[in-house]
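Order of listing sets the numbers, starting from 1, for every ligand and every atom in it.
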Amino acid sequence: MRTVSLPHAEVRVLPDVAALSRAAADEFLRAARSAIDKSGLFTVALSGGSTPKAIFGLLAVDEAAGRNKLAWDKVQIFFGDERHVPPDHSDSNYRMANEALLSKVPLPPANVHRVRAELDAVRAAAEYERELRSAFGSLTGEIPRFDLIMLGMGPDGHTASLFPGSAALKEQGAFVSANWVEKFNSHRITFTFPLLNAAAEIMFVAGGADKADMLRNVLCGDPSSRTYPAQDVRPATGRLLWLVDEAAASKL
Ligand code: 6PG
């Protein structure tokens, strides 16, 4: 493992996807234990897509093997974004997380806060924002501060479901938005930048050569001309950690 020093982010480069997944699982466990020790609770938002599946699988195997025991009853699970599909749909981020992890650890069902993406997208986003505010006890103004938000990055520089050119990029009031994504001809429900940037820790996980060009743009591009959504994830006071593999880091 090697590190790349940047002024605004800690970047750890792992040899391959397997090592990247293990490092991300260990970071999840570290953040969880730290938060539970400090406040008796761990609030985490999971990312979607394919990369997290291996990470979730490792956490489930750890639990089954009695390794890295975690007080799952003190873990509150949210989703940083969700496709506009029912929970049993093959595209559902909830379904992937539930099959890979949530159904395999002793999590009280009430601790899993699923986006009801089977509803109208605008209604699902508004309902999720209410659920967030209620769970964090922030029914008034202050922004919920997650202990950890996991994010991925697409080759186009999107993160969560904040895609280039989409309306939610400009959202500064709501914490959750129903975002129309032209290229999918569909809505996505997504956290917005104010919520992301209030987190105590953001952990990006990105692997594969197809992300190398964008990773260079996002991490080393001119900070004054931020044109890719992932560049606008800048926690105000939280930690920004990038876990990448050598293939994705090949142009850093
Ligand atoms: C989603 C994710 C999305 C994902 C990136 C990277 O719902 O798809 O939230 O932002 O993290 O597209 O996806 P991969 O890990 O599959 O490359």
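Below 3.5 Å of separation, one finds an N or O of Ala160 facing an N or O of ligand 1. Ligand 1 has no N or O atom lying under 3.5 Å from any N or O atom of Thr159, backbone or side chain. Note: no N/O pair closer than 3.5 Å links Ser161 and ligand 1 by distance alone. Considering backbone and side-chain N/O of Lys211, one or more are found under 3.5 Å from N/O of ligand 1.
Comment: Lys183 engages Asp156 in a salt bridge, judged by a side-chain N to carboxylate O separation of less than 4.0 angstrom. Using a 4.0 Å cut-off between charged nitrogen and carboxylate oxygen, Asp26 and Arg22 count as a salt-bridge pair. The pair Glu82-Arg188 fails the salt-bridge criterion, with no side-chain N (NZ, NE, NH1 or NH2) lying under 4.0 Å from an Asp/Glu carboxylate O. Classification of Arg130 and Glu127 as a salt-bridged pair fails, no side-chain N sitting under 4.0 Å from a carboxylate O. Between Glu131 and Arg133, no side-chain nitrogen of the basic residue sits less than 4.0 Å from a carboxylate oxygen of the acidic one, so the salt-bridge criterion is not met.
Taking a cut-off of under 4.0 Å to the non-hydrogen atoms of Ser50, the atoms of ligand 1 that pass are 14 (P), 15 (O), 16 (O). The atoms of ligand 1 that sit less than 4.0 Å from any heavy atom of Gly152 are 11 (O). Below 4.0 Å from some heavy atom of Met153 lie the following atoms of ligand 1, by number and element: 6 (C).
Under a 3.5 Å cut-off, the side chain of Asp147 and the backbone N or O of Thr43 do form a donor-acceptor pair. Looking only at distances, a side-chain donor or acceptor of Ser166 sits under 3.5 Å from a matching main-chain atom of Phe163.
Considering only residues two or more places apart in sequence or on other chains, Glu118 meets the salt bridge (charged side-chain N to carboxylate O under 4.0 Å, His left out) condition with Arg114. For Arg234, there are no salt bridge (charged side-chain N to carboxylate O under 4.0 Å, His left out) partners two or more places apart in sequence or in a different chain.
Heavy atoms of Asp81 found under 4.0 angstrom from ligand 1 belong exclusively to the side chain. With a 4.0 Å cut-off on non-hydrogen atoms, Leu151 does not touch ligand 1 at all.
The protein heavy-atom contact nearest to atom 15 (O) of ligand 1 is Thr51 OG1, 2.5 Å. For atom 8 (O) of ligand 1, the closest heavy atom belonging to the protein is Arg83 NH2, 2.7 Å. Residue, atom and distance of the protein heavy atom nearest to atom 4 (C) of ligand 1 are Gly48 O, 3.9 Å. The single protein non-hydrogen atom nearest to atom 5 (C) of ligand 1 is His158 NE2, 3.4 Å, given as residue, atom name and distance.
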